[in-house]
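Numbers restart at 1 for each chain; the letters A, B, ... are given by sequence-line order, proteins then strands.
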There are 2 protein chains.
Amino acid sequence: MQLSIAEENYIKAIYQLESQGQKVSTNAVAHLLRTRPASVTDMANRLQQKKLIHHEKYYGLQLTALGKKQAIHIIRRHRLWECFLVEKLGFRWDEVHPLAEELEHIRDERLIERLAHFLQHPEFDPHGDPIPDAKGSFQQHEQILLSQAPLNHPLRVTRVADQSAALLQYLTQKGIVLGTRLRVLQINAYDGSVEVKLMKKPAFTLSREVAQHVYIQTYGKN
Amino acid sequence: MQLSIAEENYIKAIYQLESQGQKVSTNAVAHLLRTRPASVTDMANRLQQKKLIHHEKYYGLQLTALGKKQAIHIIRRHRLWECFLVEKLGFRWDEVHPLAEELEHIRDERLIERLAHFLQHPEFDPHGDPIPDAKGSFQQHEQILLSQAPLNHPLRVTRVADQSAALLQYLTQKGIVLGTRLRVLQINAYDGSVEVKLMKKPAFTLSREVAQHVYIQTYGKN
DNA sequence: AAATACTTTTAGGCAAACTTAAATTTTAAT
DNA sequence: ATTAAAATTTAAGTTTGCCTAAAAGTATTT
């Protein structure tokens with residue numbers, strides 16, 4: 001069953017909200033897709049008829065197993081294209097999201113598998129998000145939010161969970177990209193801001209909003 | 001002015017018919033796009049309003065300068081993607097056309113220019129069709145139809161002017177790909193079939209239908 | 001428990017791109 | 001030069017995916 005581009009975008013949005021543990025309200029989807037609640041209800045009916053979601057009136061949307069499978073395929077395509085754009089065409093990590101949003105809708109199994117092969121089956125995209133394999137499974141590796149990091153411990157940046165160019169450019173400018181090594185000097189109990197220290201640079205502070213989108217891993221010692 | 005995918009497909013179809021020297025009838029476009037004449041008339045009105053074509057009622061369609069420019073951009077995208085698919089992803093020349101038909105609709109200037117750079121600015125696609133440069137000009141190099149080739153002269157295949165997988169697979173199987181060297185032993189005056197001879201292989205015959213889609217260049221001697 | 005605020009759905013409409021059927025125009029044939 | 005055939009356009013209707021406005025349902029406050 002072939003989905004339209006609009007249907008794919010809804011499926012992806014619902015998946016995204018679900019995986020953030022939020023209840024998937026009509027409003028939330030409308031906001032994410034920059035459309036209106038009435039349009040979401042409209043599409044919800046169609047998606048339910050295609051067995052891609054459950055829709056309990058007034059209580060929100062939920063992907064079926066089938067819908068989830070579709071979503072993961074779309075995400076696989078999206079993230080592979082992001083890798084391609086950065087690694088092969090030389091785009092920056094803050095530029096690729098909108099382009100991948102278009103490329104992801106080309107649903108050709110062979111194309112995607114050959115692209116994956118060409119890229120040597122990457123496991124993470126340029127923002128550190130895991131890429132599902134052809135069967136749809138992905139290994140979420142252990143992650144800690146920068147805003148909850150242990151103090152004075154060697155850390156490595158593994159993921160930025162927000163595609164906005166503004167955030168990615170801001171981090172880049174601060175010297176933070178995937179793989180950057182840093183320490184957290186302190187976390188401000190009042191506003192949640194995080195003071196970080198990169199090698200050979202003066203310490204600086206990141207706001208809670210920023211720190212809540214940056215994931216790290218510990219290394220060294222243990 | 002951003003064209004829809006449907007509009008782009010019409011523009012491309014009209015360009016294709018024009019460049020084959022045919023008069024661009026409603027019927028011809030409908031046939032090419034596997035739609036109905038009424039749909040073509042419908043779209044023709046919209047395209048005319050957008051100054052992309054002229055439409056003299058009952059007498060056919062014609063691209064304006066603006067329409068032609070758009071068409072050439074679409075073709076550039078299409079042919080660059082075909083190169084990518086063959087050279088980087090390892091697809092065969094008979095597989096890439098339908099995929100490129102999808103990829104060509106991603107209209108991002110930077111993407112295309114980076115793709116071109118990545119491919120080292122190829123001048124011809126996997127079927128020997130010339131790729132317009134970023135400004136829209138392409139050098140059509142001298143070409144001769146196999147069906148009009150000089151007899152007993154060393155020839156090199158430069159282009160196959162038909163994307164159908166059936167033809168491309170047939171030619172491949174006969175040993176004919178881009179760059180293949182051959183001679184024409186004779187051309188049958190009755191049915192237009194062409195007897196060709198490849199190195200180290202027995203001669204064989206190609207029908208007029210096939211020979212009219214294969215272009216060659218002479219080489220050696222002069 | 002009632003009133004108010006907020007969310008969601010329903011209803012009615014619109015534009016794009018298609019369809020079929022009927023009317024019209026052009027072309028070809030007698 | 002009519003007439004018949006073919007091509008084209010018009011008219012009316014469909015589906016997808018969106019919209020606004022109004023109605024209905026849910027949540028919150030007092």
Side-chain angles (χ1 to χ4, degrees), chain A residues 1-15 17-18 20 22-63 67 70-71 74 101-102 104-107, chain B residues 1-15 17-18 20 22-63 67 70-71 74 101-102 104-107:
Chain A
M1 161 226 23
Q2 175 81 306
L3 304 186
S4 72
I5 289 175
E7 286 168 337
E8 286 198 343
N9 285 334
Y10 275 92
I11 292 293
K12 196 168 54 123
I14 296 165
Y15 183 89
L17 291 170
E18 271 186 4
Q20 283 163 20
Q22 303 178 36
K23 62 167 164 285
V24 186
S25 69
T26 304
N27 243 2
V29 175
H31 188 257
L32 195 56
L33 295 180
R34 295 148 183 291
T35 179
R36 301 293 153 159
S39 305
V40 177
T41 305
D42 192 33
M43 179 62 92
N45 291 331
R46 263 170 284 157
L47 294 178
Q48 181 156 54
Q49 215 186 335
K50 295 192 177 184
K51 313 267 192 206
L52 291 161
I53 65 169
H54 290 298
H55 182 204
E56 179 120 25
K57 271 190 190 176
Y58 293 101
Y59 286 92
L61 317 180
Q62 204 189 343
L63 288 178
Q70 298 286 335
I74 300 165
E101 296 250 66
E102 300 205 51
E104 75 190 6
H105 297 299
I106 295 172
R107 316 161 204 74
Chain B
M1 161 225 22
Q2 176 82 305
L3 304 186
S4 71
I5 290 175
E7 285 167 337
E8 287 198 342
N9 285 334
Y10 275 91
I11 293 292
K12 196 168 53 123
I14 295 166
Y15 183 89
L17 291 171
E18 270 186 4
Q20 283 165 21
Q22 302 177 37
K23 62 166 164 283
V24 185
S25 68
T26 303
N27 241 3
V29 175
H31 188 256
L32 195 57
L33 295 179
R34 292 150 185 290
T35 179
R36 301 292 153 160
S39 306
V40 177
T41 304
D42 192 32
M43 179 61 92
N45 291 331
R46 264 172 285 157
L47 294 178
Q48 181 155 54
Q49 216 186 336
K50 295 193 178 182
K51 312 271 190 201
L52 292 161
I53 66 169
H54 290 298
H55 182 203
E56 178 121 25
K57 271 191 188 172
Y58 293 103
Y59 286 92
L61 316 180
Q62 204 188 342
L63 289 178
Q70 298 285 336
I74 302 164
E101 296 249 66
E102 300 204 50
E104 74 190 7
H105 297 297
I106 295 171
R107 315 162 206 72

Report yes if the side chains of [X] and [Y] come closer than 4.5 Å at any heavy-atom pair, otherwise no.
X	Y	value
Leu47(B)	Leu61(B)	no
Tyr58(A)	Thr26(A)	no
Leu52(A)	Gln70(A)	yes
Leu32(B)	Lys12(B)	no

Do we see a donor-acceptor contact under 3.5 Å between the side chains of His105(B) and Glu8(B)? yes
Around Arg36(A), counting heavy atoms of other residues, nucleotides and ligands shown, do more than 12 lie under 6.0 Å from its CZ? no
Looking at Gln20(A), I want to see if its CD is surrounded by more than 12 non-hydrogen atoms of other residues, nucleotides or ligands under 6.0 Å. yes
I'd like to know if the side chain of Thr35(B) and the backbone of His31(B) have a donor-acceptor N/O pair within less than 3.5 Å. no
Dot-bracket for DNA chain D, please. Rules: Watson-Crick or G-U, both distances under 3.5 Å, ( ) within the strand, [ ] when a pair crosses earlier ones, | for another strand, . otherwise. ||||||||||||||||||||||||||||||
Per-nucleotide protein contact string for nucleotides 7-22 of chain D, where B marks a base within reach and S marks sugar-phosphate only (heavy atoms under 4.0 Å, - for neither): SBBB-----SBBBB--
Starting from C1' on dC6(C), measure out to NZ on Lys23(A) and report it in whole angstrom. 13 Å
